[in-house]
K.L.:
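Pasting a structure here, questions to come.
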Amino acid sequence: AKQRGDVEEAERLLQEALLLDASNASVWSMVGSLEDELGYVSVAREAYRAALSLVDDDQTALALARLHSSIGEWDDAIAVATHLSLNGRD
């Protein structure tokens with residue numbers, strides 16, 4: 001029960017953070033991670049995409065590619081991985 005309360009509190013705090021600043025890519029990425037962990041794939045996917053639309057972040061992109069591959073969305077996983085590869089840092 002305590003663990004569920006912690007998750008609910010985390011969700012509440014993340015939503016509050018988004019209300020204060022919806023352009024915060026880090027918060028969107030955290031929402032994606034939490035929702036992914038909870039099994040809410042559609043919500044996680046959209047949160048990761050929102051984060052990536054704000055900032056090109058390798059960790060978020062990898063999380064999104066992993067999510068796509070975990071549910072058999074191979075073309076989407078490859079597209080994200082290709083984007084990472086093309087925008088790689090030296």
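When reading the values below, keep in mind they use all heavy atoms of this one structure, side chains included, and skip hydrogens, waters and symmetry mates. Because the structure is a prediction, the values reported are computed rather than measured.
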K.L.:
Rounded to the nearest 0.5 Å, how far does CG of L20 lie from CD of Q15?
P.N.:
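Between Q15 CD and L20 CG, I get 11.5 Å after rounding to 0.5 Å.
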K.L.:
Could you tell me which residues satisfy side-chain hydrogen bond (donor to acceptor under 3.5 Å, both in side chains) with S26, sequence neighbours excluded, listed by chain and number?
P.N.:
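If we apply the side-chain hydrogen bond (donor to acceptor under 3.5 Å, both in side chains) test to S26, skipping adjacent residues, there are no hits.
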K.L.:
What's the spacing between M30 CE and L13 CG if we round to 0.5 Å?
P.N.:
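That separation rounds to 10.5 Å.
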K.L.:
For V27 and D21, run side-chain contact (heavy atoms from CB on, under 4.5 Å): C-alpha distance rounded to whole Å, both residues' side-chain angles, the deciding distance at 0.1 Å, then the answer.
P.N.:
CA-CA 9 Å; V27 174; D21 183 8; over 6 Å; no
K.L.:
With sequence neighbours excluded, what pairs up with E8 under the side-chain hydrogen bond (donor to acceptor under 3.5 Å, both in side chains) test?
P.N.:
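With neighbours one apart ignored, the set is R4.
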K.L.:
Would you mind reporting whether H83 and D56 have side-chain heavy atoms less than 4.5 Å apart?
P.N.:
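Counting from C-beta outward, D56 and H83 do come under 4.5 Å.
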K.L.:
Quick test of your reading: applying salt bridge (Lys or Arg N to Asp or Glu O under 4.0 Å), list the pairs with at least one residue in residues 70-83, sequence neighbours left out, ordered by first then second residue.
P.N.:
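Output for this query lists R45-E73.
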K.L.:
Other than W74, what residues sit in its cluster of Ile, Leu, Val, Met, Phe, Trp and Tyr side chains whose heavy atoms are under 4.5 Å apart, directly or through others?
P.N.:
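Traced through the cluster, W74 reaches no other member.
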K.L.:
What is the minimum heavy-atom distance between A47 and V31, and which atoms define it?
P.N.:
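Closest heavy-atom pair between A47 and V31: CB-CG1, 3.7 Å.
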K.L.:
Please go through V41's hydrophobic cluster and name the other residues, only I, L, V, M, F, W, Y counting, with side-chain heavy atoms under 4.5 Å joining them.
P.N.:
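Listed partners: Y48, L52, L64, L67, I71, V80.
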K.L.:
Closest heavy-atom contact between A51 and A25?
P.N.:
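For A51 and A25, the tightest heavy-atom pair comes out as CB-O, 3.4 Å.
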K.L.:
I'd like to check E9 versus D6 (side-chain heavy atoms, cut-off strictly below 4.5 Å). Are they in contact?
P.N.:
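E9 vs D6: side chains apart.
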K.L.:
Hey, quick one: are V55 and W28 part of the same hydrophobic cluster, counting side-chain heavy atoms closer than 4.5 Å, chains of contacts allowed?
P.N.:
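In one cluster: yes.
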K.L.:
Going by the side chain to side chain donor-acceptor pair (under 3.5 Å) test, which pairs reach into residues 30-40, not counting sequence neighbours?
P.N.:
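Passing the test, one end in residues 30-40: D36-R66.
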K.L.:
Which heavy atom of A65 sits nearest a heavy atom of A77, and at what distance?
P.N.:
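Looking at all heavy atoms of both residues, the closest pair is O-CB, 3.6 Å.
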